[in-house]
Amino acid sequence: MIGAVLALALQAGSTGPAADPIADFIEDNATSVREMRMAAAPASFCSGAFREGSFLVCRFLPDARVEFGEMDVRADADGYVVLAIPRQAPEEMPLRITYDRADGTPGEIAERLTIAQREYDLQQVNGVPQATVTPDPSTLPRRQREYAQKQDAFNSVWDGTGFLDGFIPPAEGITTGVYGSARVYNNGHEGSPHWGLDWANDVGTPVHAPAGGLVTLAEPDMYYEGGLIFIDHGQGLVSAFLHLSGVDVQAGDVVEQGQLIGRMGAGGRATGSHLDWRVKLRNSFYADPATLLDLDPRTLD
């Protein structure tokens with residue numbers, strides 16, 4: 001179909017040796033050309049792997065409605081949308097894109113995408129402060145108050161696009177924990193799966209913003225997390241940085257990629273000095289931060 005349309009453009013656009021009718025047609029009909037290309041392979045318009053626990057940045061059509069699994073979101077004015085795949089996902093997930101054509105009529109592209117499956121390890125964690133494994137009932141009011149703070153911060157949907165610059169590691173250190181592994185703590189209690197990526201290093205090791213964004217929470221001493229910072233990188237893609245010994249930003253700050261935001265520590269539920277980097281999308285579910293490091297959104301045309 002694209003070839004036929006471009007052939008017509010060639011026939012109609014012969015205005016002299018300097019003319020490039022194909023380029024002129026694509027520029028004048030960018031939305032229509034993108035629609036035709038996407039209809040053949042919509043998944044190719046995404047950066048990232050279609051695998052359990054992965055983040056994706058896609059560029060479809062401006063203001064398109066994107067339904068992917070249980071997600072139902074709008075692309076921005078340039079067609080960008082951030083998506084994610086849960087830790088445990090079916091082997092196939094439906095992707096449906098609805099949009100307005102240039103003439104105002106509705107359009108739709110739909111496909112069922114294959115999702116690669118993952119296996120997760122079981123990790124035994126010893127030395128965790130017992131008060132953070134089985135908290136004293138007297139701490140309940142504090143924990144409830146802090147939970148509400150975190151939920152408010154996770155509900156942020158910043159209109160910036162820090163995610164478009166890609167992501168860099170927020171700190172240096174030895175990898176001691178990975179996303180998705182089931183955890184059993186020192187009292188035999190089985191906790192939730194580990195939702196983050198851990199790097200161990202000395203107390204005070206600098207922690208930097210992996211991508212630009214809006215700081216939505218910055219607290220020096222939370223019950224479970226110690227020093228805690230949240231950054232919304234755009235569209236509700238929120239990074240959480242746990243167990244910090246120092247917090248160098250405030251809620252409301254807009255930070256750039258690579259900017260110092262805090263320092264590594266061992267506060268809260270921790271066995272030693274490390275950074276736990278977690279990333280949640282639109283307060284729905286966590287996916288693997290490591291997959292953000294492989295994204296290259298600027299290649300999406």
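Model, not experiment: these values are computed from the prediction.
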> Closest approach of Gly227 and Val247, non-hydrogen atoms and distance?
Replying inline: CA-CG2, 4.3 Å
>> For residues 41-120, which residue pairs pass the disulfide bond (SG atoms under 2.5 Å apart) check, not counting sequence neighbours?
In response: Cys46-Cys58
>> Whether Arg118 and Asp288 form a salt bridge (side-chain N of Lys/Arg under 4.0 Å from carboxylate O of Asp/Glu) is what I want to check.
In response: yes
> Any donor-acceptor pair under 3.5 Å linking the side chain of Asp76 with the backbone of Gly79?
Replying inline: yes
>> According to salt bridge (Lys or Arg N to Asp or Glu O under 4.0 Å), who are the partners of Glu219, at least two apart in sequence or on a separate chain?
In response: none
> Looking at residues at least two apart in the chain, or sitting in another chain, which of them share a side-chain hydrogen bond (donor to acceptor under 3.5 Å, both in side chains) with Ser44?
Replying inline: none
> Looking at residues at least two apart in the chain, or sitting in another chain, which of them share a salt bridge (Lys or Arg N to Asp or Glu O under 4.0 Å) with Asp296?
Replying inline: none
> side-chain contact (heavy atoms from CB on, under 4.5 Å) between Ile97 and Glu108: does it pass, once the steps are laid out?
Replying inline: CA-CA 6 Å; Ile97 306 156; Glu108 178 178 317; over 6 Å; no
> Is there a donor-acceptor pair under 3.5 Å between the side chain of Arg101 and the backbone N or O of Glu35?
Replying inline: no
Taking distance alone, no hydrogens or angles, what donor-acceptor pairs closer than 3.5 Å link side-chain atoms of residues 164-174 to residues at least two apart or in another chain?
{"unit_1": "Asp165", "atom_1": "OD1", "unit_2": "Arg298", "atom_2": "NH2", "d": "3.3"}

> Does any non-hydrogen side-chain atom of Leu95 lie less than 4.5 Å from one of Pro42?
Replying inline: yes
>> If the condition is salt bridge (Lys or Arg N to Asp or Glu O under 4.0 Å), which residues does Lys150 pass it with, not counting sequence neighbours?
In response: Glu225
>> Please enumerate all residues that pass side-chain hydrogen bond (donor to acceptor under 3.5 Å, both in side chains) together with Glu92, with sequence neighbours excluded.
In response: Arg112
> Under a 4.0 Å N-O cut-off, is there an ion pair linking Asp63 with Arg74?
Replying inline: no
> Gln235 side chain to Tyr80 main-chain N or O, any donor-acceptor pair under 3.5 Å?
Replying inline: yes
>> Holding to side-chain hydrogen bond (donor to acceptor under 3.5 Å, both in side chains), I want the full list of residues that pass it with Glu91, two or more places apart in sequence or in another chain.
In response: none
>> Can you pull out every side-chain hydrogen bond (donor to acceptor under 3.5 Å, both in side chains) where at least one residue sits in residues 238-261? Sequence neighbours excluded, please.
In response: His233-Ser239, Ser239-Trp277
Under 3.5 Å, which donor-acceptor pairs link side chains of residues 154-162 to any protein atom two or more places apart or in another chain?
{"unit_1": "Asn155", "atom_1": "OD1", "unit_2": "Asn283", "atom_2": "ND2", "d": "2.9"}
{"unit_1": "Asn155", "atom_1": "ND2", "unit_2": "Gln151", "atom_2": "O", "d": "3.1"}
{"unit_1": "Ser156", "atom_1": "OG", "unit_2": "Asp232", "atom_2": "OD2", "d": "2.7"}

> Is a donor on one side and an acceptor on the other found under 3.5 Å between the side chain of Ser273 and the backbone of Val203?
Replying inline: yes
>> Any non-hydrogen side-chain atom of Arg87 less than 4.5 Å from a side-chain atom of Glu52?
In response: no
> Listed by chain and number, what are the salt bridge (Lys or Arg N to Asp or Glu O under 4.0 Å) partners of Asp221, not counting sequence neighbours?
Replying inline: Arg142
> Linking Ile, Leu, Val, Met, Phe, Trp and Tyr through side-chain heavy atoms less than 4.5 Å apart, which residues share a cluster with Tyr147?
Replying inline: none
